J.: 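Mind having a look at this structure? Questions to follow.
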Protein chains: 2
Amino acid sequence: MGATKTHHFTERQNELATLIKALGHPARIAIIDYLLKTESCICGDIVNELPLAQPTVSQHLKELKNAGIIKGNVEGNAICYCIDDDVWHKFKGHLNGFFQTYDLKKNNCCFTNVKHKDL
Amino acid sequence: MGATKTHHFTERQNELATLIKALGHPARIAIIDYLLKTESCICGDIVNELPLAQPTVSQHLKELKNAGIIKGNVEGNAICYCIDDDVWHKFKGHLNGFFQTYDLKKNNCCFTNVKHKDL
DNA sequence: AAACAATATCGTAATATTGCAATGAACAAA
DNA sequence: TTTGTTCATTGCAATATTACGATATTGTTT
């Protein structure tokens, strides 16, 4: 089908997947990298930085914007894209929970258990 | 095209994007959720937990495995999937760097600057 | 107003993803 | 060895993604 059956999953799972998915492309990682690395957040600078055509970059920016990760502000003729502080922190929180649960659990699944049993 | 131009990006950007992309689906979040929540990591239990047909779950497991996030161990008739400790920590490190950079930078992009300038 | 600059949108082609029924392969149990 | 169980793979249909040329839009400059 190609269409995700989102209604079967929890809201958290869908939200998190949406945020994560928005970052799941090297071009979009590169955009965030750029925003983290420089003072500039002018669309034109991002287009120049990336090895992709302007419409393609515009599309990637749109996806990041749709996910809420960045927001665009008109600044005269140009548009300035910045990371959305609220969403970014929410995202960070989600992921922290994820990794913390793992650390607390100690990953003693079958394979590990088998190894121990065999000793 | 539909084919990502990976060769234009850095190895880190591609690696990170691959890991992130593998998690960018609610079913795959649900799988990891399940592995974090329970002692079981038997494929059949995961299939029962998820609201998707067995072949679909198998495919999602395969993608997580391809990305390296989980690994499967044969255990008699069943297969036990567990989170790969090394890849998981590498992933965590990547993301920590990401979020740390943000925290250090304080996100003073155009919009924020404009607000301050206008005060 | 006319010309330019910066972005977005449209249209389209190529490819990827999602989902499942049907089937196959491997092992376990009878 | 037949039967059942567990999981992977195949094949396919529906949809989504990626990429870009052409074009529209909006604001700026002259």
Side-chain angles (χ1 to χ4, degrees), chain A residues 1-9 13-14 17-18 20-31 34 40-67 70-82 110-111, chain B residues 1-9 13-14 17-18 20-31 34-35 40-67 70-82 110-111 114:
Chain A
M1 315 248 152
T4 299
K5 297 175 99 182
T6 52
H7 52 289
H8 286 319
F9 300 98
Q13 286 167 341
N14 286 319
T18 299
I20 290 181
K21 189 177 180 184
L23 277 185
H25 190 289
R28 298 196 287 271
I29 296 281
I31 289 172
Y34 179 79
S40 162
C41 54
I42 303 294
C43 177
D45 293 343
I46 302 174
V47 170
N48 289 334
E49 181 79 3
L50 291 212
L52 296 170
Q54 178 265 323
T56 308
V57 175
S58 186
Q59 202 171 295
H60 283 303
L61 287 167
K62 190 181 181 180
E63 280 182 57
L64 285 170
K65 213 172 62 178
N66 284 344
I70 64 173
K71 52 188 174 182
N73 308 106
V74 180
E75 189 150 301
N77 205 10
I79 296 201
C80 163
Y81 282 104
C82 351
C110 323
F111 186 66
Chain B
M1 316 248 151
T4 299
K5 297 174 101 180
T6 53
H7 52 289
H8 287 318
F9 299 98
Q13 286 167 340
N14 285 319
T18 299
I20 290 180
K21 189 177 179 184
L23 277 184
H25 190 287
R28 298 195 287 271
I29 296 280
I31 289 172
Y34 180 78
L35 290 180
S40 161
C41 53
I42 303 295
C43 177
D45 292 345
I46 301 173
V47 169
N48 288 334
E49 181 78 5
L50 292 212
L52 295 170
Q54 178 265 324
T56 307
V57 174
S58 187
Q59 200 171 296
H60 283 302
L61 287 167
K62 190 181 181 180
E63 279 181 58
L64 286 170
K65 212 172 63 179
N66 284 344
I70 64 173
K71 52 189 175 185
N73 308 107
V74 179
E75 189 150 301
N77 204 11
I79 295 199
C80 163
Y81 283 105
C82 351
C110 322
F111 185 66
V114 166

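Because the structure is predicted, anything quoted here is derived from the model rather than measured. Within every chain, numbering begins at 1; the chains are lettered A, B, ... in the order of the sequence lines, protein sequences first and strands thereafter. In what follows, every heavy atom counts, from backbone to side chain, and hydrogens, waters and symmetry copies are set aside.
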J.: Please list all pairs meeting side chain to side chain donor-acceptor pair (under 3.5 Å) that have one or both residues in residues 51-62 of chain B, counting only residues at least two apart or in different chains.
T.: B:Arg28-B:His60
J.: For B:Leu52, report the nucleic acid contact type (base, sugar-phosphate, nothing); a contact means any heavy atom under 4.0 Å.
T.: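 Sugar-phosphate contact only.
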J.: Any side-chain N or O of A:Lys21 under 4.0 Å from OP1/OP2 of D:dT17?
T.: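 A:Lys21 to D:dT17 OP1/OP2: side-chain N or O found under 4.0 Å.
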J.: Separation of B:Leu61 atom CG from D:dA8 atom C1', in whole Å?
T.: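 Value for this atom pair: 11 Å.
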J.: List the residues meeting side-chain hydrogen bond (donor to acceptor under 3.5 Å, both in side chains) with A:Asn48, not counting sequence neighbours, and say none if there are none.
T.: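 Residues passing side-chain hydrogen bond (donor to acceptor under 3.5 Å, both in side chains) with A:Asn48: none at all.
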J.: Would you give a per-nucleotide map of nucleotides 22-30 of chain C, 5' to 3', where B means the base has a protein non-hydrogen atom under 4.0 Å away, S means only the sugar-phosphate does, and - means neither?
T.: B----BS--
J.: Does the side chain of B:Cys82 reach to within under 4.5 Å of the side chain of B:Asn73, using non-hydrogen atoms?
T.: yes
J.: Pick base, sugar-phosphate or nothing for B:Gln59, based on heavy-atom distances below 4.0 Å to the nucleic acid.
T.: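 Result for B:Gln59 = base.
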J.: List the residues meeting side chain to side chain contact (heavy atoms under 4.5 Å, CB included) with B:Ala78, not counting sequence neighbours, and say none if there are none.
T.: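 For B:Ala78 the side chain to side chain contact (heavy atoms under 4.5 Å, CB included) partners, ignoring immediate neighbours, are B:Ile42.
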J.: Give the nucleotide from the list C:dA21, D:dT17, D:dT9 with an atom nearest to the side chain of B:Ala53.
T.: C:dA21
J.: Check whether any side-chain nitrogen or oxygen of A:Thr56 sits under 4.0 Å from OP1 or OP2 of D:dC20, and answer yes or no.
T.: yes
J.: Got a sec, which residues hit side chain to side chain contact (heavy atoms under 4.5 Å, CB included) with A:Thr18, two or more places apart in sequence or on another chain?
T.: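 Once residues adjacent in sequence are excluded, A:Thr18 has no partner under the side chain to side chain contact (heavy atoms under 4.5 Å, CB included) criterion.
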J.: Would you tell me if any nitrogen or oxygen in the side chain of A:Tyr81 comes within less than 4.0 Å of OP1 or OP2 on C:dA8?
T.: yes
J.: Any side-chain N or O of A:Ser58 less than 4.0 Å from the OP1 or OP2 oxygen of C:dA8?
T.: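 Yes.
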J.: Check side-chain hydrogen bond (donor to acceptor under 3.5 Å, both in side chains) between B:Asn66 and all other residues, then give those that pass, not counting sequence neighbours.
T.: none
J.: For B:Lys62 and A:Ala27, find the nucleotide of DNA chain D closest to each by heavy atoms; which residue's nucleotide sits nearer the 5' end?
T.: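 Its nucleotide being nearer the 5' end, the pick is B:Lys62.
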J.: Tell me whether the OP1 or OP2 atom of D:dC20 has a side-chain N or O from A:His60 closer than 4.0 Å.
T.: no
J.: Taking only the side-chain nitrogens and oxygens of A:Lys5, find out if one of them lies under 4.0 Å from OP1 or OP2 of C:dC20.
T.: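 Yes, such a contact exists.
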